[in-house]
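Below is one structure, written out as structure tokens; comments come after it.
Just the heavy atoms: all of them, side chains too, but no hydrogens, waters or symmetry mates, feed the values below. Residue numbers begin at 1 in each chain, while the letters A, B, ... track the order of the sequences.
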Amino acid sequence: MNELPEKLLKPYNPKETEGRIYKIWEESGFFNPDVCVKKGITKADGEKFVIVLPPPNATGVLHLGHTLEDSMQDTLIRYARMQGKLTLWLPGTDHAAIATDAKVTKILEKEGLKKKDIGREKFLERVDEFVENSREIIVSQLRKMGASLDWSREAFTLDSARSLAVRTAFKKMYDDGLIYRGIKVINWDPKGQTTVSDDEVVHKLEKGKLYTFRYSKDFPIPIATTRPETKIGDTAVAVNPKDERYKKFINKTYKNIEFAGTVLDIKIIDDESIDMEFGTGAVGITPAHSMTDFELGNKHKLLSITVINEFAKMTDNAGYLVAGKKTTEAREIIVNWLKENNLLEATKEIDINLSTAERTGGIIEPLPKLQWFVDVNKKIPDRGNKSLKELMLEPVRKEEIKIIPNHFEKVYFNWIENLRDWCISRQIWYGHRIPVWYHEPICIPKGGKEEQVSKCVEMIVSIEKPVCEYCDAKYMQDEDTLDTWFSSGLWTFSTLGWPDLNASDLKRFHPTSIINPGYEILFFWVARMILMSQYLLGDIPFKTIYLHGILRDAKGQKFSKSLGNGVDPIEVINEYGADALRMAMIVGIGPGADSKFDIQKVKAYKLFANKIWNITRYVLSVERAGELKKELVNEFNSLIKDVTSDMENFRFYLAAEKLYAYVWRRFADEIIEESKGNTGYGTTLHYILENSLKLLHPFMPFITEEIWSTLLKNENLLMVEKWPNV
RNA sequence: GCGCGCUUAGCUCAGUUGGUUAGAGCGUCUGUUUUACACACAGAAGGCCGGGGGUUCGAACCCCUCAGCGCGCACCA
């Protein structure tokens with residue numbers, strides 16, 4: 001019998017171990033691929049494996065859902081590193097513009113402060129402070145998980161390097177005609193006081209009423225609407241050209257119709273898009289307050305009258321009955337007016353689509369506004385005359401990018417096919433300021449000489465602040481900021497040194513190997529990364545998209561603050577150990593599948609950690625003697641093969657389960673039991689233990705490293721040992 | 001409306017290209033303090049793999065169909 005270290009006589013204590021081990025790893029420098037090359041662990045020109053961490057929002061700290069993807073990614077990264085690949089896992093955080101802006105606004109409100117009162121500069125100082133605090137917590141949480149991230153490359157979506165990338169990308173897109181400024185009906189969030197993109201609008205079905213009415217007694221066609229208050233802005237009625245009922249009215253204009261405290265001019269137009277079956281088969285067209293009507297309005301050259309403002313109140317254009325009223329009040333007033341004038345012909349209960357802003361919950365008001373857009377249909381000469389839509393579709397179609405699970409490809413295609421131009425300007429303060437500059441309204445002639453002033457350029461898109469060549473007036477930057485996903489879209493290469501095309505990281509590490517976000521940000525983020533990378537680099541951003549599902553609580557509800565069902569990952573780690581939490585996040589959770597969090601599962605893997613501990617204790621008590629038992633080695637080798645193949649195919653959820661089954665059910669329960677009383681097993685037991693530790697390391701890095709380095713007193717760290725390929 | 005997914009043990013879920021007696025965790029029951037581990041061990045009960053039809057030597061897995069549940073997208077006013 002060998003002497004056993006004292007700590008082996010007690011159950012495994014993750015709390016005492018994990019912090020110490022992480023420190024050893026960090027001090028080794030092996031999280032950084034350059035150090036691995038320098039120390040001869042990996043070859044500089046070897047195969048590479050790169051993941052950029054989906055940057056957590058700086059709105060708060062990590063929740064349990066994050067530990068799901070952190071576990072998956074660290075497992076893949078550690079496996080790759082042990083395979084001897086040039087391995088980089090790059091950390092960072094996301095400024096999450098709207099979310100963070102809203103969060104800090106709320107905090108200020110609690111202090112009795114208003115955003116407007118303290119001003120843009122002071123407000124941004126407060127946000128920076130808040131974000132820095134969140135970032136520090138997030139980083140410490142990632143360390144607790146055992147994440148082998150290369151901290152020397154940490155990035156932030158709003159730091160100076162990323163800002164340069166954003167401005168460069170914007171300018172190039174503008175110069176190529178892919179970014180344009182225009183007046184369109186956009187999704188206005190009255191609560192957040194900003195536009196949001198189509199993707200940031202959440203559609204819900206709600207009980208509502210469909211009102212059928214005529215503008216006046218003399219008006220020949222009844223129309224149906226769910227929003228009577230917008231009808232004050234109507235300038236046309238559209239019918240289907242095939243509709244026999246209304247054919248004779250097409251192209252007639254009815255003037256000076258007295259309607260609910262205002263006067264309307266309504267033209268009857270025909271359009272194929274009108275459904276003859278719905279309502280009365282005739283649609284009142286409100287170009288200013290509906291995206292479809294806006295497009296119809298453009299097509300038929302209709303007048304657009306804005307009757308609702310940014311605060312979801314009726315404008316002065318809306319007539320004496322409702323001007324200044326809230327839209328909800330205006331609706332009631334108008335319905336009453338219709339009733340009083342015997343114009344309301346029917347009221348029907350139907351499900352109506354209620355659109356709200358994803359972040360603030362505000363009810364979306366479609367409004368015409370001057371905004372910045374990304375044109376997704378324009379052909380790009382530099383990119384084979386393909387549009388951004390096509391550039392997004394192509395690599396997935398050609399399987400240069402593989403989506404796991406596969407069925408999300410259809411979801412992806414479906415989204416792109418329905419995609420419209422992307423509204424990228426936001427009226428919030430926190431975010432990347434739009435790199436567009438406007439000349440002061442009045443020119444200040446240089447030296448009092450006026451002759452050049454006519455040449456002053458009104459608007460300049462520029463990476464740096466421009467100076468007027470012809471006069472002394474200044475350029476003022478656009479007040480708006482960019483959609484947060486604009487900068488996130490650059491993440492796979494803005495973190496590697498782009499726009500410097502000679503940056504060594506960019507050359508060595510792009511495209512990345514795999515991206516591992518939740519499926520809920522497939523459109524928001526993954527699609528935008530493909531868009532940006534395809535357009536700006538002419539390259540894919542990653543080869544594989546491994547989508548994970550949503551982690552829910554035991555009842556199947558989403559974790560959320562309002563439900564108060566949050567679980568602090570740090571508490572879980574403190575009680576059960578990071579290894580146990582990691583295993584619970586890996587085993588049995590297939591790609592793209594939602595899963596329910598059960599603390600029992602974590603507990604089970606804590607017991608497994610202890611099992612490994614006791615196996616070690618037993619094996620260490622046995623002398624390394626006798627021949628290697630060929631059968632057992634063969635059996636173990638087939639496990640290696642199996643697990644390796646699972647890892648190569650991103651089936652880590654199966655690999656982990658197999659290791660668990662082997663180590664506990666086979667090695668401990670059978671092989672070790674069999675060995676008792678038999679001599680000559682020593683060498684074999686040591687062989688299986690050591691190699692099991694290697695296989696387990698990507699999944700349970702702390703305990704395996706502790707046993708390997710501290711107890712088995714190996715010279716090299718387990719994290720850079722060679723994976724036992726057979 | 002268009003699209004996607006799920007339905008496997010009491011509960012939560014795996015099941016890789018179709019291939020022996022369908023697996024895991026938790027729970028339940030019976031026994032065991034056997035010097036690696038009671039944070040353990042030995043053993044047991046529990047499944048017409050949602051229903052029906054088809055392809056196949058062979059189906060939880062492929063095809064069709066029905067039912068229930070969930071999700072995404074959407075310019076039915």
Does the ring centre of A/F636 sit less than 6.0 Å away from the ring centre of A/Y662? yes
Which is true for A/F294 with a 4.0 Å heavy-atom rule: it touches a base, it touches only sugar-phosphate, or it touches nothing? nothing
Report yes if a side-chain nitrogen or oxygen of A/R665 is closer than 4.0 Å to either non-bridging phosphate oxygen (OP1 or OP2) of B/G25; otherwise report no. yes
Contacts of A/F702 meeting ring pair (Phe, Tyr, Trp, His ring centres under 6.0 Å) (sequence neighbours excluded), chain-then-number -> A/W25
Looking at A/K676 and B/A36, is any side-chain donor or acceptor paired with a base atom of the opposite kind under 3.5 Å? yes
Pairwise P distance for B/C11 and B/U28, with rounding to whole Å: 15 Å
Please give me the minimum heavy-atom distance between A/P220 and A/Y254, naming the atom from each residue. CG-OH, 3.3 Å
Under a 3.5 Å distance rule, please check whether A/D579 uses its side chain to pair with a backbone N or O of A/I703 as donor and acceptor. yes
Closer to the 5' end of RNA chain B via nearest nucleotide, is it A/R420 or A/R617? A/R617
Verify whether one side chain among A/N516 and A/H548 offers a donor that lies under 3.5 Å from an acceptor in the other. no
Looking only at the aromatic ring of each residue, does the gap between the centers of A/F219 and A/Y215 stay below 6.0 angstrom? yes
Within the 4.0 Å heavy-atom criterion, would you say A/Y660 contacts the bases, only the backbone, or no part of the nucleic acid? sugar-phosphate
B/C4 and B/G46, which share atom name P, separated by this distance in whole Å: 40 Å
Counting any heavy atom closer than 4.0 Å, what does A/K611 reach on the DNA or RNA strands: base, sugar-phosphate only, or nothing? base
Quick check on A/E277: does its CD atom have over 12 non-hydrogen neighbours (other residues, nucleotides or ligands) under 6.0 Å away? no
Look at A/R528 together with A/D199 and state whether they make a salt bridge at an N to O cut-off of under 4.0 Å. yes
Using the C1' atom as the point on both nucleotides, what is the distance between B/G70 and B/G25, in whole Å? 24 Å
Pair A/D198, A/W422: side-chain N/O donor-acceptor within cut-off below 3.5 Å: no
Could you check whether A/I672 gets within reach of a base, just the sugar-phosphate, or nothing at all, counting any heavy atom under 4.0 Å? base
5′-ward residue of the pair A/N418/A/K410 relative to RNA chain B: A/K410
Rounded to whole angstroms, how far apart are CD1 on A/I350 and P on B/A77? 6 Å
From CG of A/L689 across to P of B/A36 the rounded distance in Å is 16 Å
Contact under 4.0 Å: A/K204 side-chain N or O vs B/C71 OP1/OP2: no
Base, sugar-phosphate, or nothing: which does A/A593 touch, judged by heavy atoms less than 4.0 Å apart? sugar-phosphate
Of the listed nucleotides (B/A36, B/U12, B/A77), which one gets closest to any side-chain atom of A/F278? B/A77
Inter-nucleotide C1' distance (B/G19, B/C66), Å rounded: 29 Å
Please report the distance separating the P of B/U12 from the corresponding atom of B/U17, rounded so that it comes out in whole Å. 26 Å
Could you tell me whether the phosphate oxygens of B/A24, OP1 or OP2, come under 4.0 Å of any side-chain nitrogen or oxygen in A/W664? no
Please measure how far the C1' atom in B/U30 lies from the corresponding atom in B/A24, and state the result in whole Å. 22 Å
Under 4.0 angstrom, heavy atoms only, what part of the nucleic acid is A/K10 near: base, sugar-phosphate, or nothing? nothing
Among residues 641-650 of chain A, which residues get a heavy atom nearer than 4.0 Å to RNA chain B? A/D646
If only side-chain N and O atoms of A/Y412 are considered, is one of them under 4.0 Å from the OP1 or OP2 phosphate oxygen of B/C73? no
Report yes or no: is the cationic atom of A/K676 (NZ for Lys, CZ for Arg) under 6.0 Å from the centre of the six-membered ring of A/Y618, at an angle within 45° of the ring normal? yes
Nearest to the side chain of A/N610 - B/A77, B/C37, B/A36? B/C37
Treat a base pair as Watson-Crick or G-U wobble with both distances under 3.5 Å, then lay out RNA chain B in dot-bracket form, 5' to 3', with | for cross-strand pairs. (((((((..((((.....[...)))).(((((.......))))).....(((((..]....))))))))))))....
From the list B/C41, B/A77, B/C73, which nucleotide is the closest neighbour of the side chain of A/T225? B/A77
B/G15 C1' sits how many Å from A/F652 CZ, rounded? 16 Å
In whole Å, what is the span from the CZ atom of A/F523 to the P atom of B/G3? 15 Å
Is a donor-acceptor contact shorter than 3.5 angstrom present between the side chain of A/E673 and the base of B/A36? yes
Between the side chain of A/D243 and the main-chain N/O of A/V239, is any donor-acceptor distance below 3.5 Å? no
A/E657 CD to B/G25 C1', straight-line distance once rounded to whole Å: 9 Å
A/D275 has its side chain closest, among B/A24, B/A77, B/A14, to B/A77
Rounding to the closest angstrom, what is the interatomic distance between B/A45 and B/A38 at atom C1'? 23 Å
Is A/H203 near enough to B/C73 that one of its side-chain N or O atoms lies under 4.0 angstrom from OP1 or OP2? no
Using the C1' atom as the reference point in each nucleotide, state the distance between B/G23 and B/U8 in Å, no decimals. 10 Å
Rounded to the nearest 0.5 Å, the NZ atom of A/K601 sits from the CE atom of A/M585 at a distance of 8.0 Å
